[in-house]
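A short write-up of the structure that comes next.
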Amino acid sequence: YQYTYPFDADLDMCPVCGDTVSGYHYGLLTCESCKGFFKRTVQNNKSYTCSESQDCRIDKTQRKRCPFCRFQKCLRVGMRLEAVRADRMRGGRNRFGPMYKRHRALKQQKNALLQSHGLKAEYTPDLISPPTRTPFNFTNININTTPSDTITSDLHTQTHSGYSFYQNEPRHESPQYYHVSPLGALYSPVHAMAVIGDCSGIPGIPQAQCSGSFSAQGPALPHLLVEFLRCELDELQVRSKIIGRLEQMQGEGGSGGYGATHMYLMVDQMLFYIVEWARGSVFFKELKVSDQMKLLHHCWCELLVLDMVSRQLQHGRQGSLVLVTGQEVDLPALVSPAGPLLRTLVQKGQDLVESFRKLQVDRNEVVCFKFLILFNTDVKHVENQSFVENVKEQVHRALLEYTLCAYPQFLDKFDKLLLCWSDLCALSTLAEEYLCSKDICGEVPCNNLLNELLHAKHHSM
DNA sequence: ATAGCCTTGAAA
DNA sequence: TTTCAAGGCTAT
């Protein structure tokens, strides 16, 4: 099995059953059969029941099996009850026309953007081939979590209680549409999307066409991203381990303060878990240990900085710094007695957090970023360089694909993300400089990871 | 009941 | 005029 880039393939797949689409039907691109099914169901006020647990898989071969779940899925992916005409008038156009047009334009723009990044829909088959061990198997990935939604398929309850989609149009010739409860809109994927991205520009068009199927929780994630998310360490677990370790060390070492030494030891512990994360991660763990070390020597500080930044993004408030340990450090208090190096470090750090926040960088993007950083080697001498570069390319794609799908209105977000990355690199250089400086590592034992990494870096330069 | 193909007809 | 998403028809 090979990973296929799902962008174009899924574009003409029905979001309900995966069959080939025949055009826009009731709000989105679907196949002919689901169009018919939806029409019959709404027109005849059908109500179905599910003999299983209301989470049946709907695909081309099984779609006939459970009409209840099929209709649920129709609603979930965003098919519009309002588009079925109550008076059965034929022909003509409805209000969705401009929406379809807009959606088409958006799709085209997106493809253009993809091409401008040199990513074709066709996929080179053997791009991913891990060097020694068995290739990673993507077939086991199942991202279709089954939402427990409460949409009723009983149209009687929805039909007469709501408003008319067309109530402001008095013209008698125009078709009369079914009255639909606003409740229906609440369950549309568009509503779900609003949580993570701006989709105000395309009312009623779910992002299902971006990259295929659409779960109620959000867009389908690129397979790679799903895999990356699995590699994440549990933040709380890491936190408690680090706290434990720090307490232990401070018990031994005497001073229990929260000064530079404490920071140094904490950063050292963070690095330990960054290494642990990397060692357990897809692709990375396939590499020889010597290559692993080269990559980590190259990027540990960027990973460290990204970790700090993303934490501020999650829990942080302006004017304070949240550490892995959960402690909150008041920034003015930290900065006022500090040297110039720490001052600029804090300032630029704040700037970076701010630009991440403005960009609405989400967790998925951060996770992709970590891999982008991990595999971003311009160092030669990595033995399996082609593998590393292929992975890098894959991550690049996954991030681009995700960003385009999750934030379809925000077409240059990906480019801006990359700009942020270069800011992050600059910040990381500064951070490294600071960690080397006598400000912080003056009275710390030498046999630790941070020291070793700093040391190795200096030798390679 | 399903799903492929056909007919319609206002908007573009 | 052409488009193309509505509804309709009908073998399976």
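First the proteins, then the strands, lettered A, B, ... as listed; each starts at 1.
- Donor-acceptor pairing under 3.5 Å is lacking for the side chains of A:R239 and A:T325.
- Side-chain contact of A:Q318 with A:E354: a donor-acceptor pair under 3.5 Å is present, judged by distance alone.
- Taking every side-chain heavy atom of A:K101 into account, B:dA12 is the closest of B:dA12, C:dG7, B:dA3.
- Distance from the side chain of A:A83 is smallest for C:dA6 among the nucleotides C:dG8, C:dA6, B:dA10.
- Separating the CZ atom of A:R88 from the C1' atom of B:dT7 is a distance of 16 Å, rounded to the nearest angstrom.
- For A:Q43, taking side-chain heavy atoms from C-beta onward, the closest of the listed nucleotides C:dG7, B:dA11, C:dA6 is C:dG7.
- Side chain of A:H25, nearest nucleotide from C:dA6, B:dA12, C:dG8: C:dA6.
- Remark: P of B:dA10 and CG of A:D87 are 12 Å apart, rounded to the nearest angstrom.
- For A:R85 and C:dG7, the CZ to P distance is 6 Å, given to the nearest whole Å.
- Close to B:dA1, at under 4.0 Å from its OP1 or OP2, lies no side-chain N or O of A:R70.
- For the atom pair CZ of A:F356 and CG of A:D362, the computed distance is 11.0 Å after rounding to the nearest 0.5 Å.
- For the residue pair A:Y100 / A:N94, no side-chain donor-acceptor distance below 3.5 Å is found, with atom types taken as modelled.
- Residues A:Q347 and A:D351 bring a donor and an acceptor atom of their side chains to less than 3.5 Å of each other.
- Proximity note for A:P67 (side chain, C-beta onward) versus C:dA5, B:dT2, C:dG8: the nearest is B:dT2.
- Nucleic acid contact class of A:R65 (heavy atoms, under 4.0 Å, all strands): none.
- Following rounding to the nearest Å, A:R90 (CZ) and B:dT8 (P) show an atom-to-atom distance of 6 Å.
- Side-chain proximity of A:R63 to the nucleotides B:dG4, B:dA1, B:dA3 is greatest for B:dA3.
- Counting only heavy atoms from C-beta on, A:Y26 has its side chain closest to C:dG7 among C:dG7, B:dA1, B:dT2.
- For A:F37 and A:Y48, the gap between ring centers is short of 6.0 Å.
- Put simply, A:R80 has no side-chain N or O that comes within less than 4.0 Å of OP1 or OP2 on C:dA6.
- Protein atom NZ of A:K46 is 7 Å distant from nucleotide atom P of B:dT2, rounded to whole Å.
- Taking only side-chain nitrogens and oxygens, A:N94 comes nearer than 4.0 Å to OP1 or OP2 of C:dA6.
- Taking the side chain of A:K39 as heavy atoms from C-beta on, and the options B:dA3, C:dA5, C:dG8, the nearest nucleotide is C:dG8.
- A donor-acceptor contact under 3.5 Å is not formed by the side chain of A:K35 with the base of B:dG4.
- What separates CG of A:D19 from C1' of B:dA3 is a distance of 10 Å, to the nearest Å.
- Distance CZ (A:R93) to P (C:dG7): 14 Å, rounded to an integer number of Å.
- In this structure, A:R104 places its CZ atom 12 Å from P of B:dA12, rounding to the nearest Å.
- With hydrogens and angles ignored, no donor-acceptor pair closer than 3.5 Å exists between the side chain of A:R40 and the base of B:dT2.
- In this structure, of B:dT8, C:dC4, B:dT2, it is B:dT2 that holds the atom nearest to the side chain of A:F37.
- Closest approach to the A:V84 side chain among C:dG7, B:dG9, C:dA6 is made by C:dG7 (side chain taken as heavy atoms from C-beta onward).
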